[in-house]
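In what follows, a single structure is set out as structure tokens and then discussed.
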Amino acid sequence: MPKVTYLLPDGSEHEFSLSVGQSIMEGAVSNGIEQVLAQCGGSAMCATCHCYVEGGPVEALPPISDLENAMLDETEAERKDNSRLSCQVRVTEELSGLRVAIPEEI
Ligand code: FES
């Protein structure tokens, strides 16, 4: 199973094995990462699943859709070049080793 590491604002790192097809957001919520609020349930309508991709196989990430791009302009924490909505990134075998940081203000 692909592994994804979540970097939390307190400096801790948490690596989980996720199922292929699960979103990075779902992987966080199902493993108790409470900082990921995911208020819209994964519909790219709330931006409360904002994360920063910090490393790993970034070349395997799916492209940002127009909807995700628009919502990334609504994030509480600063939008950066490595910003993604974690609900819009589905886990693949190729993404194993991905590292994502959860912002302080999500
Ligand atoms: Fe709402 Fe991702 S969960 S935009």
Side-chain angles (χ1 to χ4, degrees):
M1 292 171 84
K3 294 186 187 325
V4 173
T5 301
Y6 297 86
L7 315 174
L8 301 190
D10 66 2
S12 63
E13 298 189 11
H14 305 266
E15 182 186 88
F16 301 114
S17 295
L18 305 184
S19 300
V20 169
Q22 195 173 26
S23 72
I24 301 293
M25 175 277 280
E26 290 167 337
V29 171
S30 66
N31 284 291
I33 303 292
E34 296 175 351
Q35 290 85 350
V36 178
L37 301 178
Q39 289 174 337
C40 77
S43 304
M45 298 299 289
C46 72
T48 61
C49 65
H50 181 203
C51 71
Y52 299 120
V53 177
E54 297 292 348
V58 296
E59 69 284 350
L61 287 167
I64 298 176
S65 70
D66 290 345
L67 177 58
E68 180 181 357
N69 188 44
M71 287 309 298
L72 282 170
D73 286 335
E74 306 297 325
T75 56
E76 192 73 24
E78 175 193 2
R79 179 178 183 172
K80 300 179 183 176
D81 289 345
N82 60 345
S83 285
R84 294 299 303 255
L85 296 182
S86 60
C87 71
Q88 299 302 298
V89 178
R90 299 226 164 254
V91 176
T92 63
E93 292 291 352
E94 292 72 28
L95 278 177
S96 188
L98 195 71
R99 294 168 63 80
V100 297
I102 309 303
E104 180 91 44
E105 298 176 10
I106 200 160

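Between the side chain of N69 and the backbone N or O of S65 there is no donor-acceptor pair closer than 3.5 Å. Side chain of Q22 to backbone of S19: a donor-acceptor contact under 3.5 angstrom is found. Remark: the backbone N or O of M45 is not paired with any side-chain donor or acceptor of S43 at under 3.5 angstrom.
Under the 4.5 Å side-chain heavy-atom criterion for grouping Ile, Leu, Val, Met, Phe, Trp and Tyr, L7 is not connected to V4 through any hydrophobic cluster. If you chain together hydrophobic residues whose side chains sit under 4.5 Å apart, M71 and V89 never meet in one group. Both L61 and F16 are part of a single hydrophobic cluster, where members link through side-chain heavy atoms under 4.5 Å apart.
To the nearest 0.5 Å, the span separating CG on N31 from OG on S17 amounts to 9.0 Å. Between the CD atom of E68 and the CG atom of D73 there is a distance of 11.0 Å, given to the nearest 0.5 Å. A distance of 4.0 Å separates CG of L85 from CG of L72, quoted to the nearest 0.5 Å.
Counted within 6.0 Å of CE on M1, heavy atoms from surrounding residues, nucleotides or ligands total more than 12; the atom is thus considered enclosed. Remark: D66 CG is loosely packed, at most 12 non-hydrogen atoms of other residues, nucleotides or ligands lying under 6.0 Å away.
The two residues S23 and C87 come nearest to each other via the heavy atoms CB-O, 3.7 Å. For the pair A44 and Q88, the tightest heavy-atom approach, listed with the atom from each and the gap, is CB-NE2, 3.5 Å. Across V36 and S86, no two heavy atoms sit closer than the pair CG1-OG, 4.4 Å. Here the closest non-hydrogen pair linking C46 and T48 is SG-OG1, 2.9 Å. Among all heavy-atom pairs drawn from Y6 and I24, the shortest one is OH-O, 2.7 Å.
Looking at K3 and S96, their side chains never bring a donor and an acceptor atom within 3.5 Å of each other.
Among residues at least two apart or in separate chains, salt bridge (Lys or Arg N to Asp or Glu O under 4.0 Å) pairs with a member in residues 18-43 are E26-R90.
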Under 3.5 Å, side-chain donor or acceptor atoms of residues 49-56 against the rest of the protein: list the pairs with distances, not counting sequence neighbours.
residue : atom : partner : partner atom : Å
H50     : NE2  : S83     : OG           : 2.8
Y52     : OH   : E78     : O            : 2.5

Please report, to 0.1 Å, the donor-acceptor pairs under 3.5 Å made by any side chain of residues 98-105, with sequence neighbours excluded.
residue : atom : partner : partner atom : Å
R99     : NH1  : E13     : OE1          : 3.4
R99     : NH2  : E13     : OE1          : 3.4
R99     : NH2  : E13     : OE2          : 3.1

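Between I64 and R84 there is a side-chain heavy-atom pair separated by less than 4.5 Å. Taking the side chain as every heavy atom from C-beta outward, H14 and T5 never approach each other to under 4.5 Å. P2 is listed as a side-chain neighbour of V91, based on a closest heavy-atom distance under 4.5 Å.
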Check step by step if side-chain contact (heavy atoms from CB on, under 4.5 Å) holds for V58 and N82.
-> CA-CA 9 Å; V58 296; N82 60 345; over 6 Å; no
